[in-house]
*Asks:* 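Dropping the structure in here first, questions after.
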Number of protein chains: 2
Amino acid sequence: MLGVPEEILEPLSRSPVARDVAHRAGVSTATVSRVLNGSAGVRADKRAAVMRAAQDLGFVANGAARALSTRRFMAVGAVVPNIENEAFVRVLSSFQERLRQAGYTLVAANAGYDLEDELREATFLLERGVDGLMLVGDIHHPDLHARIARHGIPMVQTFSLSRERPCVGFDNAASAARAANYLVDLGHRRIGVISGLRKDNDRGGARVTGIAQALEARGLRLAPEHDIEISYGIGGGRDGFRQMLAGGPPPTAIICGTDQIAFGAMIEARARGLDVPGDLSVIGHNDSDFAPFLDPALTTIRIHSAEIGHAAGDHLIARMQGRPVVRLTQIDAELILRASTAPPRKPDGV
Amino acid sequence: MLGVPEEILEPLSRSPVARDVAHRAGVSTATVSRVLNGSAGVRADKRAAVMRAAQDLGFVANGAARALSTRRFMAVGAVVPNIENEAFVRVLSSFQERLRQAGYTLVAANAGYDLEDELREATFLLERGVDGLMLVGDIHHPDLHARIARHGIPMVQTFSLSRERPCVGFDNAASAARAANYLVDLGHRRIGVISGLRKDNDRGGARVTGIAQALEARGLRLAPEHDIEISYGIGGGRDGFRQMLAGGPPPTAIICGTDQIAFGAMIEARARGLDVPGDLSVIGHNDSDFAPFLDPALTTIRIHSAEIGHAAGDHLIARMQGRPVVRLTQIDAELILRASTAPPRKPDGV
DNA sequence: ACGGTTTCTGAAAGCGCTTTCAGATAGCCA
DNA sequence: TGGCTATCTGAAAGCGCTTTCAGAAACCGT
């Protein structure tokens with residue numbers, strides 16, 4: 001009573017091919033193809049017969065044969081540094097949404113912040129025959145662009161802007177600088193940074209640079225002991241803040257590379273009896289779903305991931321279809337003010 | 001000085017094919033193929049010549065042609081309910097790891113907890129020619145299995161166990177029941193549940209059922225007003241707990257469908273002046289990365305996502321290679337005890 | 001140095017689809 | 001109804017690779 005055993009359909013000799021449909025409908029494979037695709041100019045009765053036959057047989061065109069014949073695979077690849085990172089997942093998700101609408105499949109790969117690995121994964125996708133490629137950031141293996149070019153497919157890079165390559169992103173330095181300026185405006189003078197690993201990661205690097213420059217422009221500086229680099233995560237945030245406190249006079253405000261890091265830093269601050277935002281203002285990055293629910297709610301730089309994904313998708317689709325595109329799409333990040341930032345308790349003279 | 005313009009490689013006539021390599025190496029395409037693949041029995045000098053030529057030309061075999069010829073696509077599909085859900089991402093990630101090692105590509109799709117959409121996405125992957133398919137859960141569109149069978153490819157379902165289909169997962173009901181029993185052992189008598197949407201989601205449903213049965217076995221019951229269904233997320237957890245409090249005497253403990261929900265419920269509890277775990281014990285699901293860092297640290301049911309992904313990958317690879325496999329792999333979830341659970345402050349008589 | 005093996009190698013036949021090209025049909029006007 | 005154009009349709013030629021099959025080359029023992 002639990003339904004037919006699975007094997008009943010299994011040995012179905014071989015899946016039907018276009019010729020089977022053609023036979024059954026009494027037409028040629030050419031007509032079958034015409035009906036199932038472009039469908040231009042096939043007489044109504046034949047069309048119906050083909051549809052019917054295809055239906056009956058449960059015909060599904062063989063993708064490889066089609067790809068070989070049309071020389072288009074209808075798939076695009078994406079290589080992201082970390083598929084478990086919320087921001088990238090959101091981009092992939094919205095990217096896929098667009099692609100799917102246009103009939104493309106997304107094939108995503110994970111490169112783990114390593115240039116060699118990224119090259120390997122991208123090559124793998126290229127071999128598979130993807131029709132386009134999405135990359136993250138502006139730092140890649142020296143061979144990567146040549147390989148992509150050799151395949152003659154379009155690529156777009158996301159998150160960072162670039163003069164040289166088509167891109168969809170924002171100015172990491174500028175938006176981090178905005179956060180820094182906001183803190184300075186509030187009266188903070190000793191401002192720290194806890195970022196994730198910056199090696200081969202232009203986003204992280206640009207953010208710190210942006211902050212340092214903003215501070216300098218205001219006559220302040222990012223002290224080396226307040227510039228901490230950790231591996232991502234809540235635990236990293238705790239460690240990072242602990243480390244920062246070990247290095248001289250504590251900052252009155254910190255900017256963190258992710259909301260997870262900010263969360264960790266806040267936990268550590270509380271454990272040390274520091275009040276947020278009274279003793280320490282905290283700013284995160286990404287506006288993760290939990291950010292508004294922290295105590296206090298986290299001020300953060302919101303990256304419009306969904307829009308980046310959509311724009312990257314639109315860009316690639318347009319190019320694959322030979323339509324004109326703009327090379328650079330800027331989607332600015334936004335500073336979301338919440339309760340984790342406030343003027344320092346006793347304004348520091350410089 | 002910024003490097004050569006991008007166009008320099010772009011119009012590279014056409015990417016090299018096996019015949020070009022063959023020419024250059026002075027052999028036939030058959031030999032090229034032999035060298036680049038199975039490589040059995042080709043004289044060393046010819047082999048070297050072919051390698052050399054392939055290298056020089058930057059030859060990359062056309063995947064579609066290869067797939068068409070071998071009738072194997074070297075890709076497997078996965079359809080998950082929500083690609084932004086941590087648990088699924090972790091499974092995909094470890095699943096991909098295994099596949100990648102075996103030379104397969106993972107193509108993942110998002111079905112959004114809707115059976116029709118799942119069918120659509122799976123069909124899409126099937127059309128693409130995937131050699132295997134991973135699904136989540138035990139509830140699917142009635143046509144789905146027939147379609148998969150028609151393609152003659154193996155599939156494996158994850159997270160839920162099944163008598164009828166190959167699967168890798170755990171007994172959702174049993175592990176939730178274990179959590180319930182633990183709470184009862186602590187002395188709790190009024191236990192509530194906040195789960196995500198259960199429609200077309202056997203995992204969620206099984207968990208609640210498991211809890212209800214466990215309570216009944218101990219002479220208790222899951223009161224309808226303590227059985228709340230919400231859409232996932234922290235906000236949902238807050239709403240859910242609020243709703244629960246509105247329905248009569250409050251529970252002294254709750255089990256939540258995810259750690260996010262638990263987080264939300266804890267926030268709401270605190271907002272209402274309830275102490276966790278003094279007034280309310282909370283158990284989550286998944287052991288998300290933030291769980292140990294909540295205040296108090298969250299007791300939760302840890303799902304060994306990485307192991308599920310690995311096992312599912314191994315299973316599929318074995319079947320695609322025609323090796324024997326076990327149909328059912330059980331990877332039990334584990335109750336991780338932390339600080340969010342404790343005996344109720346004043347033990348309730350039943 | 002020769003026949004018999006054994007090892008290599010290339011020609012050619014697909015894999016299943018799309019698409020061109022020319023022939024077959026249908027449609028139209030006088 | 002005949003001739004001409006406009007539509008449809010099928011045969012056949014690929015797409016670029018793998019793989020079979022049979023012939024060529026290399027190797028062996030005597």
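Chain letters run A, B, ... following the sequence lines, proteins first, then strands; residues in each count from 1.
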*Asks:* For DNA chain D, note the earliest and the latest nucleotide, 5' to 3', having some atom under 4.0 Å of a heavy atom belonging to chain A.
*Replies:*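 Reading along DNA chain D, I get D:dC8 to D:dG16.
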*Asks:* Applying a 4.0 Å non-hydrogen cut-off, can you work out what B:Val27 is touching in the nucleic acid: base, sugar-phosphate, or nothing?
*Replies:* sugar-phosphate
*Asks:* With A:Glu116, which residues qualify under side-chain hydrogen bond (donor to acceptor under 3.5 Å, both in side chains), at least two apart?
*Replies:* A:His141
*Asks:* By nearest nucleotide on DNA chain D, pick out whichever of B:Arg43 and B:Phe59 is the more 5' one.
*Replies:* B:Phe59
*Asks:* Can you work out whether B:Asp45 or B:Ala65 has the more 5'-proximal nearest nucleotide on DNA chain C?
*Replies:* B:Asp45
*Asks:* So what does B:Ala18 hit on the nucleic acid, given a heavy-atom distance under 4.0 Å: a base, only sugar-phosphate, or nothing?
*Replies:*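 Answer is sugar-phosphate: B:Ala18 comes under 4.0 Å of backbone atoms only.
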*Asks:* So A:Asp114 and A:Asp200, do their side chains get closer than 4.5 Å, heavy atoms only?
*Replies:* no
*Asks:* Quick check: on DNA chain C, is the nucleotide nearest A:Arg19 upstream (toward 5') of the one nearest B:Thr31, or the reverse? Name the residue that is more 5'.
*Replies:* B:Thr31
*Asks:* If you define the side chain from C-beta out and look only at heavy atoms, does anything of B:Val50 sit under 4.5 Å from B:Val42?
*Replies:* no
*Asks:* Anything under 30° is parallel, anything over 60° is perpendicular, the rest tilted; go ahead and classify A:Phe73 against B:Phe73.
*Replies:* tilted
*Asks:* Enumerate the side-chain hydrogen bond (donor to acceptor under 3.5 Å, both in side chains) contacts for residues 48-71 of chain B, please, sequence neighbours excluded, ordered by first and then second residue.
*Replies:*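 Only B:Arg24-B:Asp56, B:Asn37-B:Arg66 qualify under side-chain hydrogen bond (donor to acceptor under 3.5 Å, both in side chains).
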*Asks:* Given axes from five pairs at either end, by how many degrees does the helix from C:dA1-D:dT30 to C:dA30-D:dT1 bend, rounded to 10°?
*Replies:* 30°
*Asks:* Just grab all the side-chain hydrogen bond (donor to acceptor under 3.5 Å, both in side chains) pairs involving residues 126-137 of chain A, residues at least two apart or on different chains.
*Replies:* A:Arg128-B:Thr105
*Asks:* Quiz question: by atom type and distance under 3.5 Å, do the side chains of A:His315 and A:Arg319 form a donor-acceptor pair?
*Replies:* yes
*Asks:* Sequence neighbours left out, what passes side-chain hydrogen bond (donor to acceptor under 3.5 Å, both in side chains) with A:Ser160? Give chain and number order.
*Replies:*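 Applying side-chain hydrogen bond (donor to acceptor under 3.5 Å, both in side chains) to A:Ser160 gives A:Asp202.
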*Asks:* So what does A:Ala61 touch, heavy atoms closer than 4.0 Å: a base, only the sugar-phosphate, or nothing?
*Replies:*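 Since only primed, P, OP1 and OP2 atoms lie under 4.0 Å of A:Ala61, the category is sugar-phosphate.
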